[in-house]
Student: 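What follows is a single structure, and I will ask about it in a moment.
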Amino acid sequence: MDRQERSPSRSPLPWGTLKRDQIVVAALTIARDEGLEALSIRRLADRLGVSRMALYRHISDKDDLLDMVADAIADRDLAVPEAHDGTWEERLRALARAMRTQLLAYKGLTDLIVTRGNRGSSVLKLTEAILAILDDAGFDAHWAARYYQSVIDVLVGRVHRELNSTLTSPERAERMTAAAMAHPPQAWPRLREVGPHLQTVTAEEIYETEVELLIGGLRSAPQRRERSHGSTPAVTGQEDDHPLGCPLCEPPSPPATA
């Protein structure tokens, strides 16, 4: 018996009464309960009790449907922090927590973002929020573009790996620790000591640690300029690619006096 046969029977909606908000609610429910892979024009029509032709008056195709769902998740569920909600570090942490919550709530959303992206307002909303955080952190447009890619890779990529990889799983850590324990104690002393702790690290702790590493890297980046009272950036490091203490950027030494 397929999903449609298991679905409760619904009375057809009167012709012309279908609204886009109804479509969004039904699509979000399917995506949350069954995963985005279960979402289709046919499945959605069945849930709403309408014909597929009625849906095509509001949705052009499957891609349009997926974009609509992604936009709805961003607009309804993803709480993007405003600039006045705290420091850029606090806002990035809040955004990271909200993103992980929603990426885990909608099965298949990370695959959608990673494999095909999104053409709707959701990706624009998220991108604008991250770029605003980077701007407040003191990065110009050139460096904001580079660090944006790193931020989105951590926030989305970490959850995607969490759902699709066993690299950091407790089971893998357990097998590795057991292999170390099979050797004499002096062979792998650090792994023997840390191994039991590796098995208890949760996926949420890994995510939070990567976010903190990201924030630490942004905070110490030599291209970053501190904001002075929220206005014109004040240079804290050296220009462009020159590291702190670069001799090319140092002012000339005063002449020696007798």
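For the numbers below, each heavy atom of this structure counts, side chains included, while hydrogens, waters and symmetry mates do not.
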Student: Is there a path from Ile41 to Met53 through hydrophobic residues (I, L, V, M, F, W, Y) whose side chains come within less than 4.5 Å of each other?
Tutor: yes
Student: Do the side chain of Arg32 and the main chain of Ala105 share a donor and acceptor less than 3.5 angstrom apart?
Tutor: no
Student: Should the pair Arg158 and Tyr207 be classed as cation-pi, given the thresholds of under 6.0 Å to the six-membered ring centre and 45° from the axis?
Tutor: no
Student: Distance-only, no hydrogens or angles: does the Arg192 side chain make a donor-acceptor pair with backbone N or O of His183 under 3.5 Å?
Tutor: yes
Student: Using only atom types and a distance under 3.5 Å, with no angle test, would you say the side chain of Asn164 pairs donor to acceptor with the backbone of His160?
Tutor: yes
Student: Using atom types as modelled and distance alone, determine if a side-chain donor or acceptor of Arg224 lies under 3.5 Å from a backbone N or O of Ala137.
Tutor: yes
Student: What closest approach, in Å, do Val69 and Ala31 show between heavy atoms, and which atom pair accounts for it?
Tutor: CG1-CB, 4.2 Å
Student: Flag the pair Arg93 and Glu212 as a salt bridge only when some basic side-chain nitrogen lies within less than 4.0 angstrom of an acidic carboxylate oxygen.
Tutor: yes
Student: What heavy-atom pair brings Ala72 and Val24 nearest, and what distance separates the two atoms?
Tutor: CB-CG1, 3.6 Å
Student: Applying salt bridge (charged side-chain N to carboxylate O under 4.0 Å, His left out), run through Asp71 and Lys125 and close with a yes or a no.
Tutor: CA-CA 9 Å; Asp71 287 344; Lys125 178 181 180 181; over 6 Å; no
Student: Do the side chains of Arg100 and Glu162 get close enough for a salt bridge, i.e. N-O under 4.0 angstrom?
Tutor: yes
Student: Looking at Leu48 and Ala26, what are the two nearest heavy atoms and their distance?
Tutor: CD2-CB, 3.6 Å
Student: As a test of understanding, state which of Asp67, Ile23, Leu66 forms a side-chain contact (heavy atoms from CB on, under 4.5 Å) with Ile59.
Tutor: Ile23
Student: Please state whether the rings of Tyr147 and Phe139 are parallel, tilted or perpendicular, taking 30° and 60° as the class boundaries.
Tutor: tilted
Student: Which atom names give the shortest non-hydrogen contact between Tyr148 and Leu131, and what distance separates them?
Tutor: CB-CD2, 3.9 Å
Student: Between Glu205 and Thr200, which heavy-atom pair has the shortest distance, and what is it?
Tutor: OE1-O, 3.9 Å
Student: Mind running side-chain hydrogen bond (donor to acceptor under 3.5 Å, both in side chains) on Thr202 and Glu204 for me, showing each step along the way?
Tutor: CA-CA 5 Å; Thr202 66; Glu204 183 177 7; 5.3 Å; no
Student: Nearest heavy-atom pair of Leu103 and Leu155: which atoms, and what distance?
Tutor: CD1-O, 3.9 Å
Student: Which residue in the set Leu126, Val211, Val151 passes side-chain contact (heavy atoms from CB on, under 4.5 Å) when paired with Leu95?
Tutor: Leu126
Student: Would you call Glu37-Arg43 a salt bridge at under 4.0 Å N-O?
Tutor: no
Student: For Arg52, does the CZ atom have more than 12 heavy-atom neighbours from other residues, nucleotides or ligands under 6.0 Å away?
Tutor: no
